Amino acid sequence: MDERNGQRLPRHVAIIMDGNGRWAKKRLLPRSAGHGAGLKRMIALCDHAFSRGIKTITLFALSTENLSRPQDELDALFELFREYFRKNLDNLIRKNIALKVIGDLTLLPEDIQALARGGEEATKDGTAGTLVLAIAYGARADILSAVNKAVRAGKEVTEQEFSALLSTSALPEPDLLIRTGKEKRISNFLLYELAYTELYFSDKMFPAFTDRDFDIAIEDFSSRERRYGKV
Ligand code: FPP
């Protein structure tokens, strides 16, 4: 946790970017337009959060469950991923941000797998912050994969050793989770890592979640007392 202007800042903020579809529906637009607006908001919000001093941002961009959505919606999302990896790496490199992608990328079209790995490679020297995109990610699958690694190694593991087997191993645990879009659930995101994370739910749909809304979430976080189960 960092301190700036007397305010306690979370080091790592995780965001469930929910509500793109409902944002579009309200405007009589196709769901894909909601995802497009979500991507624009996501890019600007990350710039804002990093400029405020947040060191790690993890975004839930697509869950394994989302992969059973209609093919035309998935195709639109895949196109946005391509656009993001093709057009936004320069921005990350300029800002000295490292990109990391977690999730089962084998469930995605091959060109997107290559773009994602290329994006990680191109930004790997970034030291100002880390942007983690969870794509085709499911926490239960990640936990199971870690369990199976431990079983194959044939030995019992400590909490620390287990964390090192997860796809988030190189990252600090999130200090704050923000979920937009009115729902109050975790939806198979970072189940193990969120054990002591502060939760913040916003009624705003993700494309309408402004930088100011983010700042309000940070202010709320800064007033919380974190006891980690102690008194
Ligand atoms: C949930 O809203 C959002 C998603 C499934 C996709 C989020 C993706 C983006 C913001 C674009 C990401 C792009 C990159 C490159 C990471 P929903 O569709 O479930 O909304 P609803 O609950 O209102 O239907």
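Counting convention: from 1, in listed order, for ligands and their atoms alike. Along the sequence shown, the residues carry numbers beginning at 1. Not measured: the values here are computed from a predicted model.
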Is ligand 1 under 4.0 Å from a heavy atom in the side chain of [X], in the backbone, in both, or in neither?
X      : value
Glu183 : neither
Asn20  : both
Arg22  : both
Arg69  : side chain

Starting from [atom], what is the nearest protein heavy atom, named by residue and atom, and what distance separates them?
atom                    : answer
atom 20 (O) of ligand 1 : Gly21 N, 3.1 Å
atom 1 (C) of ligand 1  : Met17 O, 3.3 Å
atom 4 (C) of ligand 1  : His35 CE1, 3.8 Å
atom 5 (C) of ligand 1  : Asn66 OD1, 3.5 Å
atom 15 (C) of ligand 1 : Tyr84 CB, 3.3 Å

In one Ile/Leu/Val/Met/Phe/Trp/Tyr side-chain cluster, 4.5 Å: Leu45, Leu133: yes
Heavy-atom contact check, 4.0 Å cutoff: does [X] meet ligand 1?
X     : answer
Gly19 : yes
Leu62 : no
Arg31 : yes

Should we say atom [atom1] of [X] is surrounded by more than 12 heavy atoms from elsewhere, each under 6.0 Å from it?
X      : atom1 : answer
Gln160 : CD    : no
Arg82  : CZ    : yes
Lys184 : NZ    : yes
Gln71  : CD    : yes

Salt-bridge contact Lys149-Glu161 (side-chain N to carboxylate O under 4.0 Å):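 No, Lys149 and Glu161 are not salt-bridged.
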Any donor-acceptor N or O pair under 3.5 Å, side chains Ser63, Asn66: yes
ILVMFWY cluster membership beyond Trp23 - transitive side-chain contacts under 4.5 angstrom: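 Leu29, Met205, which link up through side-chain heavy atoms under 4.5 Å apart, make up the rest of the cluster.
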Atoms of ligand 1 close to Ala61 [distance to a heavy atom under 4.0 angstrom, numbered from 1]: 6 (C), 7 (C), 8 (C), 16 (C)
Met205 N/O to ligand 1 N/O under 3.5 Å: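 Met205 vs ligand 1: no N/O contact under 3.5 Å.
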Option from Ile16, Ile15, Val13 for which side chain to side chain contact (heavy atoms under 4.5 Å, CB included) with Leu177 holds: Ile16
